[in-house]
Amino acid sequence: MAEIAQVLVDVPTMQTNRPYSYRIPAAWQAQVQPGMRVVVPFGRGKRRVQGFVLSCGDQPEFDGALKEIDAVVDLAPVLNTEMLALTKWLAASTFSFQITCAQTMLPAVMRAKYVKLLRPTTQTPPAVRTTWFGDQPEVPFDQVATTSQAVSQLLRLQAAGEVDVYYQVKNQARRKTQFGVKARLDASAITATEGELRHGAKQQLALLKGLATLNGETVTQADFCQRFDVNPATIRTGEQKGWLQRVQLEVYRDPYATSEIKATQALTLNAEQQVAVDQITQAVTQDATTTFLLEGVTGSGKTEVYLQSMAAALAQGKTALMLVPEISLTPQMVQRVRGRFGKAVAVLHSGLSNGEKYDEWRRIQRGEAQVVVGARSAVFAPLKDIGLIVMDEEHESTYKQDDAPRYHARQVALWRSQYHHCPVVLGSATPSLETRARAEKGVYQRLVLAERVNQRPLPTVSIIDMKKEMQQHAESNFSAPLLVALQDRLDRHEQSVLMLNRRGFSSFVLCRDCGFVLKCPNCDISLTLHMDSHTMKCHYCGHEEPIPRICPNCHGHQIRYYGTGTEKVETELKELLPDANIIRMDNDTTRKKGAHAKLLAKFGSGEANILIGTQMIAKGLDFPNVTLVGVLNADTGLGLPDFRASERTFQLLTQVSGRAGRATKPGHVYIQTFNPDHYAIRFAQHHDYEGFFKYEMRMRHQGDYPPYYFTVQITASDLDEAVAAKRMYQLLQWLRPRLASQTIILGPTPKPIARVNRRYYYQIVIKYKREPNLAATLTTLLHETQAQQRQGLQIGIDVEPLHFM
DNA sequence: AGCACGCCGACT
DNA sequence: GTCGGCGTGCTC
């Protein structure tokens with residue numbers, strides 16, 4: 001019998017990032033299992049915290065006196081063996097606390113809330129009682145202990161035993177219940193009762209007729225009322241007369257309850273798609289842990305490949321997990337998956353309420369859903385026996401979490417694939433360089449969909465040189481050719497999509513004569529404009545120079561920072577094309593829940609003819625009447641001080657181009673840019689991913705960047721800028737001798753947004769090829785900087801960061 | 001994180 | 001003298 005539990009406590013610090021031993025009270029010894037939540041006393045006071053049981057045994061791993069588990073929260077484990085192992089791996093690989101990882105993997109409502117309460121004791125004098133409690137049986141400590149005098153007074157009272165502090169550990173998870181109806185009469189009794197009814201008691205008759213059809217089953221009251229056309233008051237009458245029983249039924253909050261599922265059939269595959277499905281299905285059957293890169297141009301039918309491969313996994317009695325970027329988790333997308341797999345689908349995304357997420361999670365946990373579709377955190381869906389994991393748009397940076405634990409869903413997916421012995425499909429029209437390079441080396445198996453379904457041609461892409469436009473016309477966001485094209489679409493009653501690239505907004509300088517962007521002499525990375533210090537800075541090596549007044553390249557005077565907003569663009573377009581009906585989609589207009597879908601529906605219905613938006617319109621839109629796509633400013637992303645700037649620009653342009661000409665009418669794309677010859681733009685123009693990949697790989701090779709090097713970013717922040725800087729230089733000194741001589745350390749440099757929330761940020765970037773002791777070194781670093789954390793210094797470690805700012 | 005213990009300045 | 005300020009170490 002297990003008497004001792006190893007418990008992971010809910011105290012996210014470096015020192016408590018290990019299990020603590022607790023005695024299991026005899027009454028619960030048969031019941032407590034690893035993965036359950038418990039409440040344990042922790043610390044010298046009366047503090048109680050939630051914890052996760054990691055293992056049970058009969059030997060403590062601690063010599064001292066053990067405390068007892070206070071309460072068991074769950075009847076069944078909420079983290080299974082796989083998930084427990086995953087928390088351990090995730091904590092180690094992202095340098096975060098195991099408890100934080102466990103919390104991240106579970107719905108938010110399962111995180112405990114703590115309330116410190118003040119209670120009277122048997123020895124509380126009446127005067128004390130009225131002063132502190134009034135007529136309340138207990139009061140929240142924070143509510144009464146507002147001043148330092150009050151706190152010390154309370155401490156004295158507590159020491160004298162006149163008041164008691166008590167920690168309440170609250171479980172926020174609430175199950176939604178509804179009334180259910182259950183018959184208490186058998187068939188013959190119902191018939192007899194019917195005979196006794198007063199003539200004309202139609203409602204009661206209907207109720208009895210309804211009860212007769214239940215056959216002992218319980219149905220929800222709402223369902224019953226609707227089916228038999230009785231009102232709730234009649235049900236209550238029935239209850240009083242003893243005909244039926246009302247019971248509490250647990251129901252799921254179904255976010256899609258109102259929408260009918262329209263079943264869809266598997267589409268016929270073309271030869272390439274068939275090869276892909278066959279290969280993936282074979283891997284599923286053989287329990288192979290193959291990672292596939294499904295590389296397919298926009299419109300090549302990747303989704304159909306996913307769906308049919310997932311169907312194959314289900315046919316073998318396994319489950320399937322499909323990850324998509326948050327932004328493409330549109331109602332259309334969900335409908336498509338539910339149309340194929342019906343009620344077996346659980347959907348997880350940020351638009352759901354916490355209660356809805358919890359219910360979807362439980363449906364998965366109980367095995368009631370075999371297919372999960374969701375954004376980043378859905379990679380932790382508690383599916384059993386996974387047969388296939390799909391990650392659509394694998395290059396998307398939203399798969400990487402920005403705060404602790406800083407995990408990449410792709411890494412978690414690969415880990416789970418090893419655990420479940422199942423394949424992973426990474427799909428994209430523009431794979432990340434890392435993924436594509438791994439496919440090149442044979443680590444991943446590459447599957448290519450080069451053809452668009454129905455052989456529809458890719459849209460023609462025209463590049464418009466805004467330098468020339470600027471010379472000919474007054475400053476405008478719209479070039480002459482784009483305006484002509486827009487007018488033409490209005491005349492033909494076709495639709496247009498305009499994208500304003502917000503990335504890198506106003507943060508760099510550009511010459512309007514020659515398109516020159518100022519770069520760092522050491523790093524070949526664009527310099528960032530710092531208005532606070534009036535300098536141009538390199539965020540990699542710290543190089544700094546004054547803001548140029550004339551262009552260093554062409555000596556022109558038209559050098560300035562570049563940027564504009566969607567609202568301004570909309571206003572200008574309304575003046576230029578007064579007949580146009582415009583919808584604007586940006587953070588302002590889509591903030592409200594459901595606004596995003598509403599605007600899209602409005603555009604889809606043809607109510608408007610032009611859609612203006614930021615990056616959010618680049619993905620997933622499929623409107624057959626859109627024949628023109630305009631990118632107003634393709635450059636902005638290129639100006640960012642990030643070695644992935646070209647890659648992101650290429651991906652964005654390729655993606656947004658895919659929005660044009662999706663049906664029978666041919667599409668045309670106009671890209672406005674000050675850098676018409678930039679390779680990212682040129683390759684995007686020709687839909688040439690392979691060309692871009694080869695070129696960009698050379699650039700990465702020259703600059704010693706991923707995928708040739710691995711990267712780790714260390715940030716330090718402090719309220720005092722000098723302290724942050726000083727600690728970073730000390731850290732550099734400490735780090736250098738511990739790392740291989742070939743390893744490159746960049747920095748310390750201040751972060752581009754040097755001050756956030758009154759804290760100053762500095763960063764160091766480590767670039768390495770082989771560094772077997774790096775993890776151990778960084779863990780030591782975290783332990784050693786622990787003491788300084790008290791003085792306000794915060795250290796963060798980000799493995800393979802996606803954003804260097 | 002949160003609590004107790006422990007060591008220095010301004011007060012009943 | 002002590003009350004209470006916060007720096008330091010520990011929590012099974």
Using only atom types and a distance under 3.5 Å, with no angle test, would you say the side chain of [X] pairs donor to acceptor with the backbone of [Y]?
X: Thr743(A); Y: Leu739(A); answer: no
X: Thr87(A); Y: Cys101(A); answer: no
X: Arg376(A); Y: Thr398(A); answer: yes

Reading DNA chain C in the 5' to 3' direction, which nucleotide is the first one with an atom under 4.0 Å from a heavy atom of chain A, and which is the last? dG4(C) to dC12(C)
Value in whole Å for how far the [atom2] atom of [N] lies from [atom1] of [X]:
X: Tyr20(A); N: dA1(B); atom1: OH; atom2: P; result: 14 Å
X: Asp10(A); N: dA1(B); atom1: CG; atom2: P; result: 11 Å
X: Gln789(A); N: dA1(B); atom1: CD; atom2: P; result: 7 Å
X: Lys113(A); N: dA1(B); atom1: NZ; atom2: P; result: 17 Å

Students often get this wrong, so: under 4.0 angstrom with heavy atoms, is [X] touching a base, only sugar-phosphate, or nothing?
X: Lys46(A); answer: nothing
X: Phe62(A); answer: base
X: Arg156(A); answer: sugar-phosphate
X: Ala65(A); answer: sugar-phosphate
X: Gln6(A); answer: nothing
X: Arg790(A); answer: base
X: Pro41(A); answer: sugar-phosphate

Tell me which one of Val799(A), Asn773(A), Ile714(A) satisfies side chain to side chain contact (heavy atoms under 4.5 Å, CB included) with Leu778(A). Ile714(A)
Between [X] and [Y], is any side-chain donor less than 3.5 angstrom from a side-chain acceptor?
X: Thr121(A); Y: Glu162(A); result: no
X: Tyr114(A); Y: Gln50(A); result: no
X: Glu326(A); Y: Ser350(A); result: yes
X: Asp10(A); Y: Gln103(A); result: yes

In this structure, are over 12 heavy atoms from other groups packed under 6.0 Å from Arg770(A) atom CZ? no
Are there any protein N/O atoms within less than 3.5 Å of an N/O atom in nucleotides 5-12 of chain B, and if so, which ones and at what distance?
none

Comparing Gln791(A) and Ser148(A) on DNA chain C - which has the more 5′ nearest nucleotide: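 Taking each residue's closest nucleotide, the earlier one in sequence belongs to Ser148(A).
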